[in-house]
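Working notes for the structure below.
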Number of protein chains: 2
Amino acid sequence: MSDEIRSFSGVDRLLHEPSRTIIVAILYAVESADFLYLQREAGLTKGNLSAHLSKLEKAKYVEIEKTYKGKIPLTLCHLTDKGRKAFEDYREQIKSFIDNV
Amino acid sequence: MSDEIRSFSGVDRLLHEPSRTIIVAILYAVESADFLYLQREAGLTKGNLSAHLSKLEKAKYVEIEKTYKGKIPLTLCHLTDKGRKAFEDYREQIKSFIDNV
DNA sequence: TTACATGGTTTGTATTGCAAACCTGTTTTC
DNA sequence: GAAAACAGGTTTGCAATACAAACCATGTAA
């Protein structure tokens with residue numbers, strides 16, 4: 001078996017969870033998104049999105065900024081450099097796996 | 001966001017677990033493998049491999065045949081048509097995701 | 001007989017993904 | 001101006017998971 005395939009076991013588990021893959025893919029494209037936009041686009045419940053964002057934040061993959069739009073809260077999220085790189089690496093690894101099966 | 005990306009949330013969870021992805025990738029290539037060969041190739045503990053194989057068997061993705069090589073047990077595994085197709089679909093979905101980010 | 005491989009399976013545990021319930025404030029309704 | 005409804009999230013409860021360690025049944029060696 002090729003190393004590309006075996007190395008797949010070391011894939012970034014944080015990004016390998018589909019909900020989070022989607023969240024990060026969105027953030028990768030738009031640079032900044034608010035909570036509700038992310039929720040709609042990713043098709044997640046609030047609780048779910050909140051939990052996933054917390055994990056991504058804890059890993060320093062995303063930065064979360066809590067502000068206000070007038071008087072209502074507004075949570076803005078954007079990918080950090082670390083998160084951006086992790087996502088690029090993840091894609092490379094997946095791609096390499098697929099190409100080597 | 002493109003549908004390819006959103007549809008990623010519906011990815012086959014059984015195959016999306018790296019250990020199982022590797023197991024199935026091996027079986028996809030060799031048609032038939034025994035337990036210990038799989039263990040070495042996939043780099044898993046016996047317990048782990050046993051558990052993953054059980055899940056794949058329950059989903060009818062693999063067939064497990066317990067025979068003997070002389071007097072010692074020999075467990076042979078091979079992909080079913082269903083498993084083969086599921087793996088092909090999985091790869092397509094992943095590929096489509098990557099290409100559309 | 002006792003020890004030690006071989007080929008696995010079962011058990012224990014910590015982590016997870018998810019939805020439902022909850023919370024804090026704001027706006028509307030009466 | 002109190003009560004109800006809503007917006008924007010967070011916390012809680014639970015079932016399912018991945019993993020390794022312990023276990024088991026059989027066969028071989030000392």
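Only a predicted model underlies this, so the values are computations on that prediction, with no experimental measurement involved. Quick note: numbers below take in every heavy atom, side chains included, and nothing from hydrogens, waters or symmetry partners.
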For each nucleotide in nucleotides 17-30 of chain D, reading 5' to 3', give B when a protein heavy atom comes within less than 4.0 Å of its base, S when such contact involves only the sugar-phosphate, and - otherwise. SSBBB-----S---
Considering residues at least two apart in sequence or located in another chain, which fulfil the side chain to side chain contact (heavy atoms under 4.5 Å, CB included) criterion with B:Asp34?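 In terms of side chain to side chain contact (heavy atoms under 4.5 Å, CB included), with neighbours along the sequence ignored, B:Asp34 is linked to B:Leu36, B:Tyr37, B:Leu74, B:Leu76.
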Could you check whether any side-chain N or O of B:Gln39 sits under 3.5 Å from a backbone N or O of B:Leu44, counting only pairs where one atom can act as donor and the other as acceptor?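 Side chain of B:Gln39 to backbone of B:Leu44, a donor-acceptor pair under 3.5 Å: yes, one is there.
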I'd like to know if the side chain of B:Ser96 reaches the main chain of B:Glu92, judged simply by a donor and an acceptor atom lying under 3.5 Å from each other, with no hydrogens or angles considered.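 No.
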With side-chain contact (heavy atoms from CB on, under 4.5 Å) as the test, would you mind laying out the steps for A:Ser19 and A:Asn48 before giving the verdict? CA-CA 9 Å; A:Ser19 297; A:Asn48 234 324; 5.6 Å; no
Taking the axis from the first five pairs and the axis from the last five, what angle separates them in the helix from C:dT1-D:dA30 to C:dC30-D:dG1, rounded to 10 degrees?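 Between the first-five-pair axis and the last-five-pair axis there is 30°.
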Provide, to the nearest angstrom, the distance between the [atom1] atom belonging to [X] and the [atom2] atom belonging to [N].
X: B:Leu38; N: C:dG8; atom1: CG; atom2: P; answer: 10 Å
X: A:Lys69; N: C:dG25; atom1: NZ; atom2: P; answer: 19 Å
X: A:Phe35; N: C:dT24; atom1: CZ; atom2: P; answer: 17 Å
X: B:Asp34; N: C:dG8; atom1: CG; atom2: C1'; answer: 12 Å
X: B:Ile64; N: C:dG7; atom1: CD1; atom2: P; answer: 16 Å
X: A:Leu15; N: C:dG17; atom1: CG; atom2: P; answer: 12 Å
X: A:Leu53; N: C:dG17; atom1: CG; atom2: P; answer: 13 Å
X: A:Gln39; N: C:dA19; atom1: CD; atom2: P; answer: 11 Å

Would you classify [X] as touching base, sugar-phosphate or nothing, given that sugar-phosphate means primed atoms plus P, OP1 and OP2, and contacts are heavy atoms under 4.0 Å?
X: A:Ser54; result: nothing
X: B:Lys66; result: sugar-phosphate
X: B:Leu49; result: nothing

What closest approach, in Å, do B:Leu79 and B:Val62 show between heavy atoms, and which atom pair accounts for it?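 What the structure gives for the nearest pair is CD1-CG1, 3.9 Å.
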Ignoring hydrogens and angles, write down the donor-acceptor pairs under 3.5 Å from the side chains of residues 81-89 of chain B, residues two or more places apart or on other chains.
unit_1	atom_1	unit_2	atom_2	d
B:Lys82	NZ	B:Ala59	O	3.3
B:Arg84	NH2	B:Tyr28	O	3.4
B:Arg84	NH2	B:Glu31	OE2	3.0
B:Lys85	NZ	B:Asp89	OD1	3.3
B:Lys85	NZ	B:Asp89	OD2	2.8
B:Glu88	OE2	B:Tyr28	OH	2.6

Student check: side-chain heavy atoms of A:Cys77 and A:Glu57 closer than 4.5 Å: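 Side-chain contact under 4.5 Å: no.
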Where at least one partner belongs to residues 40-72 of chain B, residue pairs that pass ring-ring contact (aromatic ring centres under 6.0 Å, His included), sequence neighbours excluded: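 Counting only pairs at least two positions apart or across chains, no ring-ring contact (aromatic ring centres under 6.0 Å, His included) contact touches residues 40-72 of chain B.
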Listing request: all ring-ring contact (aromatic ring centres under 6.0 Å, His included) pairs with a residue in residues 3-27 of chain B, at least two apart in sequence or in separate chains.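 Residue pairs passing ring-ring contact (aromatic ring centres under 6.0 Å, His included), neighbours aside: A:His16-B:His16, B:Phe8-B:His16, B:Phe8-B:Phe97, B:His16-B:Tyr90.
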